[in-house]
Protein chains: 2
Amino acid sequence: MATINEVAKLAGVSKATVSRVLNNRPVSSETYAKVMKAIRELKYQPNAQARSLSLRRAKVIGLIAPDLQGVFHGPIIMGVEQVLQNNDFNLIVSRVQSKEYRLAKMLKEKKVDGLIITTPRQIGEKAILALKRDNFPVVVIDGNVGKQVSSVEIDNYQGAFQATEHLIKLGHTRIAVISSPPSFRESQERLLGYQDALKQYNLPFDSTMVREGDYLLPSGEREMEKLLALPSPPTAVFAFSDLMAIGAIHCLFKKGFSVPKDMAVIGFDDSIVAQSFYPPLTTVRQPIMEMGVVAARKMLAILSGEEVEPTHVILQTSLVVRASCGADLHQ
Amino acid sequence: MATINEVAKLAGVSKATVSRVLNNRPVSSETYAKVMKAIRELKYQPNAQARSLSLRRAKVIGLIAPDLQGVFHGPIIMGVEQVLQNNDFNLIVSRVQSKEYRLAKMLKEKKVDGLIITTPRQIGEKAILALKRDNFPVVVIDGNVGKQVSSVEIDNYQGAFQATEHLIKLGHTRIAVISSPPSFRESQERLLGYQDALKQYNLPFDSTMVREGDYLLPSGEREMEKLLALPSPPTAVFAFSDLMAIGAIHCLFKKGFSVPKDMAVIGFDDSIVAQSFYPPLTTVRQPIMEMGVVAARKMLAILSGEEVEPTHVILQTSLVVRASCGADLHQ
DNA sequence: TTGTATGCGTTATCAC
DNA sequence: GTGATAACGCATACAA
């Protein structure tokens, strides 16, 4: 590959001048033409590494996630990459490993200009705050590490409220919940939304109605079974993930029950499994890809100096009514 | 951040010596100790960009895909990133845009050392061959661009044969196919596997039994409907994706049919939707993540000079028997 | 407007 | 074993 020196030589100018036309700085139209001609002839392509070293920025940002696929992190990657690509940045993705030090490494090596960290449960708040303290650009998705670091989250409270309210308006009074681990912040937020909806409609809160799952299908199936064994079982169940909702339905189907006739079921996420299941799942839609988009925009704003103070955006959920609760069966 | 110069100064040695300890070259144990002490004190971290510029390799490889999420490309990314991380490489992911030139750009800029390209339908054979001609390290996943470029694919023929044979052994003689677009190579390979299985068991091939879908759910539903309208409908259907198989089942359920009692349905992929659907889908499993793993290993081998001649590995599929064909209902 | 010289932070090639 | 010094390829302050 040709270098800037060869282009300069062929065009009969100094490499400083070549650099100028590359960066759209004022040059005479004649030299511009000469240089462009040489660039084309040599098929010259600037070396990104040399440029990065000189400019002290890589035009690469890193994304750290516990998982690089799946219904949650997949769309986030899509969203992030989309806006980065439109701004001529590249995206390095990395799955977080046990050794948390890897996190800071990419930044300190200057391999990336900033880091977007999603669902930083395994990483730990202190590690992220340490980065922030060293003044590294950091944006967190779906995690709470304090007000010092910019973040984008979704409104878990509101999502849970919507789901519960939907069930209540359908006439249900005994509404069970299959939750995620209580230690997760979103579990608490969603549980609060559920309880507040109950309260607002003067329905009693019954602690036997809330079961703990782990977001995956088998836990939904398992907890539904326990719910069914209750002296007074629920008539509707709100699962904190689509997969657990589907797991609950598996249990119901195996026992010969019908959905939504015998039991209304509502999920959370609106992932591909919600749309493709039969009956199509009513669920709370998380604007997942948009989280990635917003996070990437925020990172770019930080890098360009537009955003100096950390900000926190909370994206709204929306209820997607399909067939698993008995409304709008015309899907 | 400290540089190698500051470390040298603090340790009272030259930066060449610091570089030596960093790269495990012979130094006296005393100087080694001095340098390490200085490194620790300054929290020195080598600058990856400077190193890349000097070494002319970035220790980054790029992955170009039509999509960065979903049941196919998500696992591929996982597989690739896993082996790269274990070898201290980073992964830049990029969704292929209309402008194909972006493809070569990362390579020519030396932002990445090599490129893994998946499902290169939109990219075009000539663009990839052009890269190969310029001697850029390239590995293709799930695409055929000729013997010149290393590739990893799955055995579509065998997968289709397995699926068809399974249905035949279950007693079916009228087996329909919901295919993918005939222009796709894998469509042809799978169709051949289907036909050969028929032939091997002395079953006639009926062209009205093969319908064309587009891998997505609605097309499965649509084509199932047409199949049902036939004078002599099939008793089993083999869809070339899980989503189309599920679409077919949607159609069946809406018409009051039961699966597998009234119709056996088999899919292809073994994606998350196959496992979570009810009835759980019998399907042909593609070792998707493994494709990523193999591709990444191959890329590393190319870069280290181990692999000089292009090789082509074909991964085997396996039949996952669940409930949608009536066998092994004990799932 | 253009050229010269220097810096960016490494590694590598020499000498010593 | 160790230390100068020259690349690596680009951007830029300063001169001209």
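The figures here come from the full heavy-atom set of this structure, side chains too, leaving out hydrogens, waters and symmetry mates. Each chain gets a letter, A, B and so on, in the order its sequence line appears, and its residues count up from 1.
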Quiz prompt | Touch class at under 4.0 angstrom, heavy-atom based, for B:Thr31 against every strand present | solution =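 Counting heavy atoms under 4.0 Å across all strands, the contact made by B:Thr31 is with sugar-phosphate only.
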Quiz prompt | Between B:Asn90 and A:Lys111: side-chain donor-acceptor atoms closer than 3.5 Å | solution =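 Per modelled atom types, B:Asn90 and A:Lys111 side chains form a pair under 3.5 Å.
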Exercise. Indicate whether any N or O donor in one side chain lies under 3.5 Å from an N or O acceptor in the other, for B:Glu186 and B:Asn156.
Key: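 Their side chains do not contain a donor-acceptor pair, so the 3.5 Å distance test is not met.
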Practice problem: State whether B:Arg185 and B:Glu153 are salt-bridged, where the test is any N-O pair (Lys NZ or Arg NE/NH1/NH2 against Asp/Glu carboxylate O) under 4.0 Å. | Solution: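 B:Glu153 and B:Arg185: salt-bridged.
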Exercise. Run the salt-bridge test on A:Lys34 and A:Glu30 with the 4.0 Å N-O cut-off and return the result as yes or no.
Key: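 No.
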Practice problem: Between B:Ser14 and A:Thr17, just flag the one whose closest nucleotide in DNA chain D comes earlier from the 5' side. | Solution: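 Nearest nucleotide further toward 5': that of B:Ser14.
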Quiz item: How does protein contact run along nucleotides 8-16 of chain C, one letter per nucleotide 5' to 3', with B for base contact, S for sugar-phosphate only, - for none, heavy atoms under 4.0 Å?
Solution: BBBBBB---
Quiz item: Can a side chain N or O of B:Ser28 be found less than 4.0 Å away from OP1 or OP2 on D:dT2?
Solution: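 True: B:Ser28 side-chain N/O within range (under 4.0 Å) of D:dT2 OP1/OP2.
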Practice problem: Starting at CE of B:Met78, measure out to CD of B:Gln82 and round the result to the nearest 0.5 Å. | Solution: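 One gets 7.0 Å once the value is rounded to the nearest 0.5 Å.
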Practice problem: Using atom NZ of A:Lys34 as one end and atom C1' of C:dT1 as the other, report the distance to the nearest whole Å. | Solution: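 Going from NZ in A:Lys34 over to C1' in C:dT1 covers 12 Å.
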Quiz item: Are more than 12 heavy atoms from other residues, nucleotides or ligands located less than 6.0 Å from atom OH of A:Tyr32?
Solution: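 Result for OH/A:Tyr32: open.
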